[in-house]
Amino acid sequence: MKNIVILLSGRGSNMRSVVQACATEAWPARVAAVISNRADAEGLAWAAQQGIPVAVVDHRAHADRAAFDAALAAEIDRHAPDLVLLAGFMRILTDGFVRHYSGRLLNIHPSLLPAFPGLHTHRRALEAGVKVVGATVHVVTPELDHGPIVAQALVPVRSGDDETALAQRVLQAEHRLYPLAVRWFVEDRLALQDGRVRHLDGASQLLWEPGLG
Ligand code: GAR
C-alpha cells in the first residue's frame, strides 16, 4: 500500500478527483494526508470531512522559502510518502525540496507544457490564438512547471471561448488526467528513462475526449 500526500492551496478539485478514484478504483494506495499552506483552503475542509489527516504549514510563519520548505517536508515525511502530489499548490519550491522528493513528486498544470508555464495560463493561450490547449501531469524538477511529462490531455479551443469557459473545460480534463497518471505511478507502470516518462505497458499517455472539444 503506497502512501500519497497531496499539497494544495485552494479549491482542491484535483485532490478530490484523486481521493475519489483511489477509493472507487481500489488503488494499492491511500491518501495519507492533505497539506496546505493556507488554513482557509476549501480543499482542506473537504479532506478533513472525509477523515483524511490534514495539516497547515503557513508560509507566512517562516522567514524564507528554505525555512518554509523544511517545515513542509517535515510535515510531509511524517506520513512516509511514496508519492507527493502538487494539486493547485501555489508556492515556488526550493531546489532542495524538489531534490528530496526526486522521482516521487508530481504536478498538474493546466496547459500543454512546455507551452504556457506559470500563471494566467488560459488568458495567454487565448491571446496567442492557439487552437488546442490542455493539461499536463509531469514529474517536478527545480524549474517551475517543467519536468518529464507523464501524461497530457487535449482540449480544443472553441471560437467563443473566454478564459472562464476554457478553464472550466480544461479542469474537467484535469479531473480525468490526474487520477489516471497517479494510478499508473502507484501501480508501478511508469519508467523514467533519459528524462522521459514511458508507460511500461505501452498505454497511450495522451487523453482526448471529443466531448471537451
Ligand atoms: C488547477 O487548474 C491546476 O492545474 C492549477 O491550479 C488549479 C487548481 O485547481 N495548477 C497550476 O496552475 C500549477 N502551476 P484545484 O485546486 O481545484 O485542483
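Just so it is clear, the values below take in all heavy atoms, side chains as well, and ignore hydrogens, waters and symmetry mates. Whatever order the structure lists them in is the order used to number ligands and atoms, beginning at 1. Position 1 is the first residue of the sequence; numbering continues from there.
The shortest heavy-atom distance from Pro110 to ligand 1 is under 4.0 Å. For the ligand labelled ligand 1, residue Leu8 lies outside the 4.0 Å heavy-atom shell. Residue contacts with ligand 1 include Met90, since one of its heavy atoms falls under 4.0 Å from the ligand.
Close approach to Asp145 involves these atoms of ligand 1, each under 4.0 Å from a residue heavy atom: 14 (N). Listed by atom number, the atoms of ligand 1 under 4.0 Å from Ser13 heavy atoms are 15 (P), 16 (O), 17 (O), 18 (O).
For atom 16 (O) of ligand 1, the closest non-hydrogen atom of the protein is Gly12 N, 2.7 Å. Looking only at protein heavy atoms, the nearest one to atom 8 (C) of ligand 1 is Gly88 CA, 3.6 Å. Shortest contact from atom 10 (N) of ligand 1 to any protein heavy atom: Ile108 O, 3.5 Å.
Under 4.0 Å is where a charged nitrogen must lie from a carboxylate oxygen, and between Arg38 and Asp40 at least one such pair does.
A parallel orientation is assigned to the rings of Phe89 and Phe68, their planes being inclined by less than 30° (bins at 30° and 60°).
Side-chain contact between Arg198 and Leu190 is absent, with no heavy atoms from C-beta onward closer than 4.5 Å. For the pair Asn37 and Val57, the minimum side-chain heavy-atom distance is 4.5 Å or more. Side-chain contact check for His100 versus Asp77: some heavy-atom pair is nearer than 4.5 Å.
In the candidate list Arg11, His109, Glu174, His175, Glu174 is nearest to atom 4 (O) of ligand 1, counting heavy atoms.
Expressed to the nearest 0.5 Å, how far CD of Glu127 lies from NE2 of His122 amounts to 13.0 Å.
Using modelled atom types, one finds no donor on one side chain facing an acceptor on the other under 3.5 Å when comparing His79 with Asn3.
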